[in-house]
Amino acid sequence: MSMKLTDVALSTGDDSPFLTLVIMAAGLGSRFGGDKQLAELGPKGETMLQLSIASAIEAGFSAAVIVTRAELIPTLKARLIDLPPQFTLHFCVQQLTDLPESLGVSVQGANLDELLSRRTKPWGTAHALWSARQLVSGPMAVINADDYYGEQAFALLAQGFQLRPDKWQMVAYPLEETLSDHGGVNRGICVTQDNLLLSVEEWLNIAWQGDNLMGSHQGRQGHLAPEAMASMTCWGFTPDIFDLLGEALAEFVAQQGHKPDSECYLPVVVQAALRDKAKARQVFVSQTSDTWLGVTYPQDIDWVKQKLMELLGD
């Protein structure tokens, strides 16, 4: 059933941590052809972002930080005027110039200011989360603004922060629940042992070919199990992620910043932390049975609207 955000009660108890939802909403939506984070897809014209905040509030989250572009803030604020009064909402602009101080003034022999003046593309999801560092001081969930994660994902993250307060987390989805009928998709496939993440393998152009689910990994075609666990950018982190992100961004911009389309991806930073024994990070993986929904192509809109109506409609 669809609901207004004011209909959702905050459920945090005295023994529950203060949970913040960080929503990455600065993407340009190039394949979609517009700002996906503003698309009205829910049964009552809600955006995916509104639906995620409602689910997070029900799971016990007390605040949200929306990382976005400055021009989107007025529209997003208007969309979120009916939040519960005790729920805290912050907006954070992802700015190209917001970079680690350790970076210095030159990149690959070029002046950093000149490089920034020529760049228009954001620095990527690692930078999006790092941009929120001044607004988050406790455990956080991190999601995309233009995806629907269902209600169970946020409940799993909230429960995980109580049971495993020092571990990072991920909620994974059955691969077959994340596909598009209108073209191949790229997905990170989770490799785990005892519910702990070992790695995320990047598979490209995943689609059904007859009865076989096929994709490309490291340049080779291969079969995929429909029940394989897919990472859909539904993370749980403790605040120590910000120091690692700052280090990774400084190294990335120094080495790749001169390339106009280069991006520093959050999963890459996480995997580097998993490999670094000195950092000793662990990511606990939960799998949800909920359906993930997203709009990769404009042709996905009608199907996603229909599915959300089936899931949430009166």
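All heavy atoms count here, side chains included; hydrogens, waters and symmetry mates do not. Computed from a prediction, not measured in an experiment: that's the story for all the values here.
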Ile53 side chain reached by Ile57 side chain, heavy atoms, under 4.5 Å:
yes

State whether a side-chain donor-acceptor pair under 3.5 Å links Ser131 with Gln94.
no

Is it the case that the side chain of Gln159 and the backbone of Leu156 share a donor-acceptor pair, with hydrogens and angles ignored and the cut-off at 3.5 Å?
no

Residue pairs passing the salt bridge (Lys or Arg N to Asp or Glu O under 4.0 Å) test with at least one member in residues 215-229, sequence neighbours excluded, are none

Under a side-chain separation threshold of 4.5 Å, the hydrophobic residues clustered together with Leu198 are Val191

When you check the side-chain N and O atoms of Asn205 and Ser216, is any donor under 3.5 Å from an acceptor?
no

Would you confirm whether Ser55, through its side chain, and Ser52, through its main-chain N or O, come within 3.5 Å as a donor-acceptor pair?
no

Side-chain donor or acceptor of Tyr148 paired with backbone N/O of Val304 under 3.5 Å
no

Tell me if a side-chain donor or acceptor on Gln271 pairs with a main-chain N or O of Val200 at a distance below 3.5 Å.
yes

If the threshold is 4.0 Å, N to carboxylate O, is there a salt bridge linking Asp98 and Arg133?
yes

Between Phe91 and Pro74, is there a side-chain heavy-atom distance shorter than 4.5 Å?
no

Would you give the length of the straight line joining atom OG of Ser199 to atom CD of Gln193, rounded to the nearest 0.5 angstrom?
11.0 Å

Can you sort out the partners of His217 under ring-ring contact (aromatic ring centres under 6.0 Å, His included), two or more places apart, ordered by chain and number?
Trp203

Answer yes or no: are there more than 12 heavy-atom neighbours, outside Asn212 itself, under 6.0 Å from its atom CG?
yes

Let me confirm one number: the CD1-OG1 distance from Ile206 to Thr178, rounded to the nearest 0.5 Å.
7.0 Å

May I ask you to decide if Leu266's main-chain N or O and Thr125's side chain share a donor-acceptor pair within less than 3.5 Å?
yes

Apply the hydrophobic cluster definition, ILVMFWY joined by side-chain contacts under 4.5 Å directly or through others, and give me every member besides Met214.
none

Should side-chain heavy atoms under 4.5 Å link Ile, Leu, Val, Met, Phe, Trp and Tyr, which residues sit in the same cluster as Phe284?
Leu196

By ring-ring contact (aromatic ring centres under 6.0 Å, His included), Phe237 pairs with (sequence neighbours left out) Trp168, Trp235

Taking NZ, NE, NH1 and NH2 as the nitrogens, is one of them in Arg69 or Glu71 under 4.0 Å from a carboxylate oxygen of the other?
yes

Charged N to carboxylate O below 4.0 Å: is that the case for Glu40 and Arg79?
yes

Pairwise distance CE(Met232) to CG(Asn144) - rounded to 0.5 angstrom:
8.5 Å

Salt bridge between Arg281 and Asp240, side-chain N to carboxylate O under 4.0 Å?
yes

